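Here the structure comes first, spelled out in structure tokens, and everything after it is commentary.
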Amino acid sequence: MIKQAIIPLAGLGTRLLPLTSVFAKELLPINGKPGLEYILDECIEAGIKEVVFIISKKKMMIKNYFYNDKFYKDIIKKKADPKIIKEYKKILKYKKMIKFVFQDKPLGTGDAVYKTKKFITDKYFLMLLPDDLIIKENCSKSMIAVHQKFKASVMASMKVNKSDVSRWGIYSIKKKIDKNNFIINNVVEKPSIKTSPSNNAVIGRYILPKTIFSKLRSLKPGKSGELHITDAIQALIDDDNQFIGHNFSGKYLDCGTMKGYIKSTLEISKQ
């Protein structure tokens with residue numbers, strides 16, 4: 001059973017400027033609730049017991065959000081508002097699950113994952129990218145079920161427009177397992193339209209093996225001088241480790257751009 005998750009949060013959020021020049025994008029409210037809380041709730045519902053946040057010193061706001069006990073206690077002391085008490089209890093619940101590591105240089109998702117090495121004790125762990133919200137169905141929960149069935153690593157997948165492949169990690173299919181699950185042949189980080197092996201995109205949910213840390217340790221920088229998790233995954237595939245692409249059934253929302261953030265807020269407000 002997957003019990004540990006990691007969430008990279010050190011990104012600069014340049015696509016949401018100017019807001020992110022003073023505010024952590026993951027705490028921006030989506031229908032009155034920080035986007036990060038939707039990710040945490042997905043983890044809890046999927047059975048996750050421990051979450052490691054990768055933050056930078058510029059985003060201490062995220063840690064402060066979960067460690068603001070005095071603020072809540074002072075307010076509750078003056079006014080025992082049931083709504084405020086409920087919020088504080090929720091924050092305490094999250095706080096018990098969370099650990100923090102720091103990534104102070106933007107060296108890529110692969111570097112962020114490597115920072116969590118000392119905390120990962122199980123054979124497999126879950127990674128969630130906070131720009132990607134998946135609503136209506138718990139994607140992490142369905143991926144864990146696939147992992148348990150096939151004893152393999154799993155990545156969330158959906159088809160994207162061919163014109164958009166350069167935004168994603170793109171994979172080709174080696175073998176179809178069933179209508180929603182495929183054995184991955186190879187995966188490429190943000191290919192051009194010409195070189196893309198398909199339009200099957202990896203979305204921000206991964207079940208990764210602990211053995212990925214050995215690949216990350218020796219990984220060379222890829223595009224833009226960053227360490228890409230997709231390159232480490234490909235190295236594992238080359239060593240005959242099985243990765244499954246899982247077509248999830250929930251609704252995908254992109255919260256990483258201003259247009260996507262506004263659209264996500266409108267979509268969630270309908271629920």
Side-chain angles (χ1 to χ4, degrees), residues 1-9 26 35-54 93-94 96-99 101 109-110 112-114 116-117 119-159 168-169 171 173-184 187 200-213 215-216 229-230 232-234 236-237 240-253 255 271:
M1 194 67 180
I2 309 291
K3 295 294 180 185
Q4 293 180 296
I6 68 171
I7 306 176
L9 300 166
E26 297 84 4
L36 185 53
E37 287 193 16
Y38 290 97
I39 303 288
L40 283 170
D41 289 343
E42 181 181 332
C43 287
I44 291 167
E45 192 185 325
I48 298 298
K49 302 298 181 188
E50 181 180 285
V51 180
V52 183
F53 283 178
I54 305 108
K93 182 182 175 183
Y94 292 145
K96 285 177 184 176
M97 299 175 65
I98 300 168
K99 293 180 178 179
V101 294
T109 307
V113 173
Y114 192 70
T116 69
K117 182 176 182 287
F119 289 117
I120 301 302
T121 55
D122 298 335
K123 279 188 175 182
Y124 290 87
F125 61 97
L126 176 68
M127 177 169 76
L128 306 94
L129 303 185
D131 282 356
D132 297 345
L133 277 190
I134 299 168
I135 61 171
K136 297 185 179 178
E137 295 286 339
N138 190 311
C139 180
S140 294
K141 195 173 183 178
S142 65
M143 286 172 63
I144 289 170
V146 172
H147 163 74
Q148 287 178 309
K149 185 175 180 180
F150 298 104
K151 309 300 180 197
S153 300
V154 186
M155 299 191 287
S157 163
M158 72 176 188
K159 288 196 177 294
W168 311 91
Y171 71 89
I173 295 169
K174 184 177 183 179
K175 181 184 173 184
K176 183 177 179 179
I177 300 172
D178 55 42
K179 67 174 183 176
N180 290 322
N181 298 292
F182 311 88
I183 296 173
I184 292 173
V187 61
N200 296 308
V202 178
I203 306 306
R205 302 289 183 277
Y206 305 72
I207 291 175
L208 299 169
K210 192 179 180 182
T211 52
I212 201 162
F213 293 115
K215 298 298 181 186
L216 288 168
I229 196 67
T230 43
I233 289 168
Q234 185 59 49
L236 286 172
I237 292 172
D240 295 324
N241 290 272
Q242 194 174 88
F243 276 77
I244 294 172
H246 172 65
N247 287 346
F248 56 90
S249 56
K251 185 176 179 64
Y252 168 74
L253 300 174
C255 301
Q271 290 196 111

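Bear in mind the structure is a predicted one, so any value in this text is a computation, not a measurement.
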Main-chain N/O of V187 paired with Q234 side-chain donor or acceptor, under 3.5 Å: yes
Donor + acceptor pair across side chains of N200, S157 (<3.5 Å): no
Donor on one side chain, acceptor on other, H246 and S142, under 3.5 Å: yes
Side chain to side chain contact (heavy atoms under 4.5 Å, CB included) between H147 and Y124, intermediate numbers included: CA-CA 9 Å; H147 163 74; Y124 290 87; 3.4 Å; yes
Test log, rule salt bridge (Lys or Arg N to Asp or Glu O under 4.0 Å), inputs E42 and R205: CA-CA 11 Å; E42 181 181 332; R205 302 289 183 277; 2.9 Å; yes
Can you confirm whether [X] sits close enough to [Y] that some side-chain heavy atom of one is under 4.5 Å from a side-chain heavy atom of the other?
X	Y	answer
T230	Y171	no
I233	M155	yes
I244	Q242	yes
V154	F243	no

Lys/Arg N to Asp/Glu carboxylate O, E50 vs K3, below 4.0 Å: no
Aromatic contact, Y94 with F53 (centres under 6.0 Å): no
Spacing of I229 atom CD1 and Y114 atom OH [to the nearest 0.5 Å]: 12.0 Å
Value rounded to 0.5 Å, distance of SG in C255 from CG in L133: 3.5 Å
Worked verdict on F213 versus F125 for ring-ring contact (aromatic ring centres under 6.0 Å, His included): CA-CA 12 Å; F213 293 115; F125 61 97; 5.6 Å; yes
